[in-house]
Amino acid sequence: MRRRITLPNAGVVLLVGPSGSGKTTLLQNLVDSGQIKDSEILSSDKYRKIVADQEYNSVESTDNKMAQILFEQYQRISKEAFELLELTLEARCRLNKCSFIDATNINSDDRKKLISIAHRHHLPISAIVLDIDLDTLLMRDNERVFPRGSKRIKQQMKRFQYHKRYLKTEGYHQLHMIKELNHSIEIERMDEVPPIDVGAGIDIIGDIHGCYTELLHLLEKLGYEENEQGLYTHPLGRKFLSLGDIMSRGPRSLETLLFFKNHVNNNLAYMIDSNHGWKIYRWLKGNQVTLQHGDEWTAKEINQWLATYSEEEQKRLKDEFIQFLGDAPAHYIIEDKGVPMLVCTHAGIKDEYIGKKSPQISDYCRYGESSSRMQDGIPIRGEWYHHHTGHMTIIWGHDPRPYPTTINSTINIDQGVVFGGKLTAYRYPEKSFVAVDALKNYNGVEHNPIIEWKSKRLLPPNIQALIEGFRIRMEEFEDVSVKGKYVKPVIGSLSTADTHFGQLVYLPPTMSPVPIPSQLPDYLEHPIEAFKYYRDNGVNQLIVEKKHMGSRGILLIFKNEEVALNYTGISNLGAIYSRSGKRFFKKDIEERILTVIQSSLKENDYFDKYETDFVLLDCEIMPWNLKAQDLINKQYELVAESAILDRKILDQALNESMVENQWLKENEEKLERAESFQKVYEKYCWEVSDIDRIVIAPFHILAHSGRVYHENPHTWHMTHVEELSNICSIFRRTEYLLIEGESDWKQVINWWKEITEEGHEGMVVKPNQFTVWEKGKLLQPALKVRGRKYLQIIYGMDYLEEKYLERLKKRNTKRKQKLALQEFSLGIEALNRFVKQEEIGRIHECIVAILALEGDEVDPRL
């Protein structure tokens with residue numbers, strides 16, 4: 001005879017019964033038959049052995065005092081054993097595992113402890129009660145290697161019979177009573193939150209709110225086709241999943257409800273529980289609920305529809321709705337090749353809730369966090385997503401936003417279709433978005449969240465969400481984590497920055513030198529190593545650009561002040577700022593430069609030609625002394641003059657002393673290096689009496705309205721830079737060469753030698769494609785190759801001496817390379833967010849991250 005018992009895959013299962021009732025035997029049989037794992041069993045005897053080297057301690061003795069001492073020992077051992085068992089149980093509960101507690105568990109107070117642990121971790125608790133007669137227990141005890149004794153068995157049986165009556169009131173998920181063990185037990189394991197295999201792909205759809213027409217348009221856009229039964233199927237076998245709120249507020253809630261019920265019942269779709277679905281479910285069940293925020297319209301639709309049927313049919317149809325809505329889970333987990341990749345929920349979920357089920361979890365998933373309520377009762381949403389630290393991506397809705405919003409591996413895809421926004425789907429495994437526009441604004445509420453969200457876009461960033469460290473989820477690149485210890489100094493610095501936070505929309509990345517030093521004896525850096533780096537990673541088409549000796553600057557130039565106000569919240573023509581986010585020029589000079597550039601662009605119809613409201617440029621601004629004058633005065637100029645003076649004095653002394661020619665020759669070489677050192681930095685310094693002496697050399701057209709140009713090749717960028725230099729005299733064209741293969745290397749190396757011997761800094765080597773991946777790894781977007789003369793001001797005028805050069809060639813560039821890649825990806829992410837006109841806080845977290853990464857210690861000379 002077989003008995004089938006259904007138990008959850010994750011949870012706590014208590015074995016209840018006196019010693020000898022067969023708890024350990026039952027569990028061992030289940031292990032032997034492969035139905036449970038040995039690691040799932042937490043045995044009190046096993047923990048007694050762990051803490052005291054013995055499973056059992058007899059307390060029986062003819063000497064009463066000895067018996068008392070033995071009993072005290074047993075009590076101490078048991079106390080320690082159960083404390084360790086409970087700690088293990090807590091850990092397993094946190095990890096969402098199943099644990100079978102092999103102990104007598106006959107006292108209701110002892111069970112309450114274990115029940116509390118399960119409930120605290122939102123896991124179901126079940127009990128298997130072995131109610132075996134006393135004669136059988138005594139017989140089995142006599143057959144034990146270490147009998148417990150008849151007195152003890154009888155005491156346990158008495159307590160068991162007394163406390164057994166409380167079992168049905170203790171709130172077990174399942175309670176199984178077993179009177180005999182002369183039949184086999186078969187365990188069926190069930191997930192509380194069954195995972196969904198991604199299969200051919202899944203399309204996750206945001207809040208629909210009765211916008212039935214838009215739903216059908218979206219499904220058609222996703223490739224679904226209507227069959228003869230009126231069901232939408234995908235030719236590749238994909239399925240769609242609703243994040244809930246399929247009804248209420250919109251015009252066709254009943255049709256949407258029927259549509260999803262039919263598709264879910266036919267295993268073509270999935271639907272998640274939500275606040276509006278839960279409200280209608282409780283109303284259908286006859287509970288006292290206040291119908292508002294569109295639920296009253298849904299109830300009216302359902303009542304009118306049911307009225308067309310007989311009373312018997314009405315009851316059946318209502319019961320079907322109740323079952324459908326009641327069965328909707330609080331969240332789904334999407335697995336890809338057995339690995340949980342996505343969590344789908346309506347309003348949000350805590351990391352510790354994932355894969356678990358409880359009334360508290362369901363409420364959280366329906367409503368998310370509400371920090372407070374406005375006067376009309378509408379909740380102010382809490383920012384739960386800032387606390388998500390796992391790598392599983394959480395897809396959610398409930399909180400309408402104008403665009404899909406990615407924060408900390410969470411993606412909001414409620415784009416407010418019922419408020420006149422969009423209906424969005426997130427496709428997996430493609431990780432792409434597909435959306436359709438709402439036909440109209442169906443909801444005439446005073447608080448339109450889409451409009452309100454846009455109005456709040458320019459509010460100052462939430463610094464508190466960043467101060468302890470944070471992780472940025474990228475659209476195109478790997479996530480970047482930032483430590484709090486690097487964030488705090490950045491926040492302090494930005495709080496005093498004179499660049500308006502609304503205009504600080506991009507920061508350029510640091511640039512790495514070539515990963516390995518030159519193999520040539522008289523060079524630290526050489527182009528050949530850069531060419532080989534890219535060739536060995538499958539990139540042959542390269543572009544090399546002359547590296548200007550200036551200071552990196554970002555130019556944001558608007559078509560007019562009204563446009564600037566809309567984008568950044570400040571009415572001016574734009575901004576010019578440095579890599580540190582600080583204003584590059586004094587305010588009056590900045591305004592004059594921007595006026596000249598903007599006037600030139602307008603005169604040449606640049607904004608109309610490219611249908612843009614702004615242009616964002618990455619540039620080098622010269623002369624170098626505009627930003628480096630203090631460094632030049634205190635370091636380079638003083639060092640150069642002192643070295644030249646000292647070496648001239650020594651040269652004169654050596655000549656007068658008629659010393660050996662070798663000493664004289666060495667000093668002459670040192671003097672030449674000192675004079676060369678002075679000429680190198682002087683070449684990039686000149687007096688700036690007015691803005692016509694300022695030179696700006698753009699090399700990236702970063703963005704126009706709605707467009708980021710990181711997918712355009714560098715040859716495209718250089719062509720457009722040349723156009724800018726023809727439009728405005730303040731811009732300078734950057735010299736560059738295109739490399740099609742190894743046959744071009746020699747020509748480029750000769751060009752590099754020529755310009756660096758003249759004292760120019762060097763060149764930048766880039767793949768012609770802006771971003772290049774090789775075997776899933778992002779390659780360095782650019783490598784700088786600096787000339788021998790320029791490197792004198794970096795490493796010292798005598799760095800080429802053999803003893804110094806040998807040490808420098810051992811420099812480690814790995815950290816610099818990692819920073820370059822992270823900052824590059826963060827910059828692109830910031831650009832993407834800016835052109836989509838996301839809220840300033842979303843853009844600023846990328847800016848803060850770049851500056852925080854710069855706080856990590858890296859050799860500044862690299």
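- Here the side chain of Asn768 pairs a donor or acceptor atom with the backbone of Thr715 at under 3.5 angstrom.
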Starting from the C-alpha separation in whole Å, work towards a yes-or-no answer on side-chain contact (heavy atoms from CB on, under 4.5 Å) for Ile621 and Ile694. CA-CA 7 Å; Ile621 301 176; Ile694 294 171; 4.3 Å; yes
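- When atom types are taken as modelled, the side chain of Ser825 and the backbone of Gln822 share a donor-acceptor pair closer than 3.5 angstrom.
- In this structure, His760 and Tyr790 approach most closely via the heavy-atom pair O-CB, 4.3 Å.
- The side-chain heavy atoms of Thr612 and Arg707, taken from C-beta on, include a pair separated by under 4.5 Å.
- A pairwise comparison of heavy atoms in Met511 and Lys816 identifies O-CE, 3.3 Å as the closest pair.
- Ring planes of Trp752 and Tyr523: tilted class, angle from 30 to 60°.
- Put simply, the side chain of Tyr736 does not reach to within 4.5 Å of the side chain of His714, judged on heavy atoms.
- Inter-residue side-chain proximity for Ile543 and Ile739 is flagged as unmet; no heavy-atom pair is nearer than 4.5 Å.
- Taking the six-membered ring for Trp and thresholds of 30 and 60 degrees, Tyr709 and His704 have ring planes more than 60 degrees apart, a perpendicular arrangement.
- Shortest non-hydrogen contact noted between Thr568 and Phe558 is CG2-CZ, 3.6 Å.
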Verify side-chain contact (heavy atoms from CB on, under 4.5 Å) between Ser705 and Tyr567, making sure each step is shown before the conclusion. CA-CA 10 Å; Ser705 295; Tyr567 272 91; 3.4 Å; yes
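- In this pair, Phe770 and His710 present their aromatic rings perpendicular. The plane angle is above 60°, beyond the 30 to 60° band.
- In the model, His391 has no side-chain atom that pairs as donor or acceptor with a side-chain atom of Ser409 under 3.5 Å.
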Does the pair Lys582 and Tyr577 meet the rule for a side-chain contact (heavy atoms from CB on, under 4.5 Å), with working shown? CA-CA 5 Å; Lys582 303 290 177 66; Tyr577 54 88; over 6 Å; no
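- One distance of note links OH of Tyr606 with CD1 of Ile597; it measures 11.5 Å at 0.5 Å rounding.
- When the options Lys809, Arg811, Arg788 are evaluated for a salt bridge (Lys or Arg N to Asp or Glu O under 4.0 Å) with Glu525, the one that passes is Arg811.
- Leu826 and Ile472 get closest at one heavy-atom pair: CD2-CD1, 3.6 Å.
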Salt bridge (Lys or Arg N to Asp or Glu O under 4.0 Å) assessment of Lys609 paired with Glu723: CA-CA 12 Å; Lys609 177 182 177 181; Glu723 179 186 2; 3.1 Å; yes
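- At least one side-chain heavy atom of Pro515 sits under 4.5 Å from a side-chain heavy atom of Leu783.
- Thr510 pairs with exactly one of Leu819, Leu853, Ile850 by the side-chain contact (heavy atoms from CB on, under 4.5 Å) rule, that one being Leu819.
- If you take NZ on Lys547 and CD1 on Ile755, they are separated by 11.5 Å, rounding to the nearest 0.5 Å.
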Derivation of the salt bridge (Lys or Arg N to Asp or Glu O under 4.0 Å) call for Arg833 and Glu829: CA-CA 6 Å; Arg833 295 178 182 187; Glu829 182 68 19; 2.9 Å; yes
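- Shown here is Glu802, whose CD atom has no more than 12 heavy atoms of other residues, nucleotides or ligands within 6.0 Å.
- Rounded to the nearest 0.5 angstrom, Ile696 CD1 and Leu724 CG are separated by 10.5 Å.
- Taking both residues in full, the closest heavy atoms of His700 and Lys766 are given as NE2-NZ, 3.2 Å, listed atom of the first, atom of the second, then distance.
- The environment of Glu478 atom CD is sparse: at most 12 non-hydrogen atoms of other residues, nucleotides or ligands sit within 6.0 angstrom.
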Decide yes or no on side-chain contact (heavy atoms from CB on, under 4.5 Å) for Ile557 and Leu601, but give the supporting numbers first. CA-CA 10 Å; Ile557 307 150; Leu601 293 175; 4.2 Å; yes
Chi angles and distances behind the ring pair (Phe, Tyr, Trp, His ring centres under 6.0 Å) call for Tyr506, Phe834: CA-CA 9 Å; Tyr506 172 82; Phe834 174 63; over 10 Å; no
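- Atoms CE and CD1, on Met718 and Ile701 in that order, are 9.5 Å from each other to the nearest 0.5 Å.
- Between His720 and Tyr610, the distance separating the two ring centers is shorter than 6.0 angstrom.
- In this structure, NZ on Lys789 lies 5.0 Å from CD on Glu757, to the nearest 0.5 angstrom.
- Side-chain contact between Ile593 and Ile730 is present, with heavy atoms from C-beta onward closer than 4.5 Å.
- Considering only heavy atoms from C-beta on, Val480 stays 4.5 Å or farther from Arg471 through its side chain.
- Side-chain atoms of Leu594 and Glu590, non-hydrogen and from C-beta on, do get closer than 4.5 Å to each other.
- The CD1 atom of Ile554 sits 9.5 Å away from the CZ atom of Arg579 when rounded to the nearest 0.5 Å.
- Residue Lys836 places its NZ atom among more than 12 non-hydrogen atoms of other residues, nucleotides or ligands, all under 6.0 Å distant.
- Using a 4.0 Å cut-off between a side-chain N of Lys or Arg and a carboxylate O of Asp or Glu, Glu722 and Arg733 qualify as a salt bridge.
- In this structure the side chain of Phe731 reaches within 4.5 angstrom of the side chain of Leu617, judged on heavy atoms.
- Nearest heavy atoms, Ala782 versus Val764: CB-CG1, 3.6 Å.
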